[in-house]
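Comments concern the structure below.
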Amino acid sequence: MLEQFQQRLDALKTEYASSQNAMADLNAKRAALRDTMLRLSGAIQVLEEELTRAGNPGAAPPSALSETPASTAVPGTASSSTSGAAINAVPNAIPLPSTYEILDANDSV
């Protein structure tokens, strides 16, 4: 009986070690996939900004042109009763930096 327990214990320990290795592999793949998605997201943003500039030179990126709709405003915050726009809306007069400008600023730090 003790020999059966010992064999079962050895089998479970082997399976546990194998599962740990599989988990480590999955975590490495997950990290690599996350990094790939971040690079793709950045590339998409840069291309969208460049297409916006090419279509309308001197225009701000789409994110700076849009205001937060009142329906998506944070609950408990007030909106302007005269204009109906959310308080936290991005005004058109404040240009947001492009991805290139952000990357250049980070390189100089």
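Nothing here was measured: the structure is a model prediction, and the numbers come from that model.
Of the inter-residue distances, the one linking Met23 atom CE with Ser19 atom OG reads 8.0 Å to the nearest 0.5 angstrom. Atom CZ of residue Arg30 and atom CG of residue Asp25 lie 15.0 Å apart, to the nearest 0.5 angstrom. Rounding to the nearest 0.5 Å gives a distance of 12.0 Å between CD of Gln7 and CG of Leu12. Considering CG of Asn21 and CG of Leu26, their distance stands at 11.0 Å, rounded to 0.5 Å. Annotation: the span from Leu9 atom CG to Leu2 atom CG amounts to 12.0 Å, rounded to 0.5 Å.
For the pair Thr14 (side chain) and Asp10 (backbone), a donor-acceptor distance under 3.5 Å is present. With Thr36 contributing its side chain and Ala32 its backbone, the two residues share a donor-acceptor pair below 3.5 Å.
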Let's go through Arg8 and Gln4 carefully: what are the C-alpha distance in whole Å and the side-chain angles of both, what is the deciding distance for side chain to side chain contact (heavy atoms under 4.5 Å, CB included) to 0.1 Å, and is it a yes or a no? CA-CA 6 Å; Arg8 183 64 178 147; Gln4 288 177 335; over 6 Å; no
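The local environment of CD in Glu15 is sparse, with at most 12 non-hydrogen atoms from other residues, nucleotides or ligands closer than 6.0 Å.
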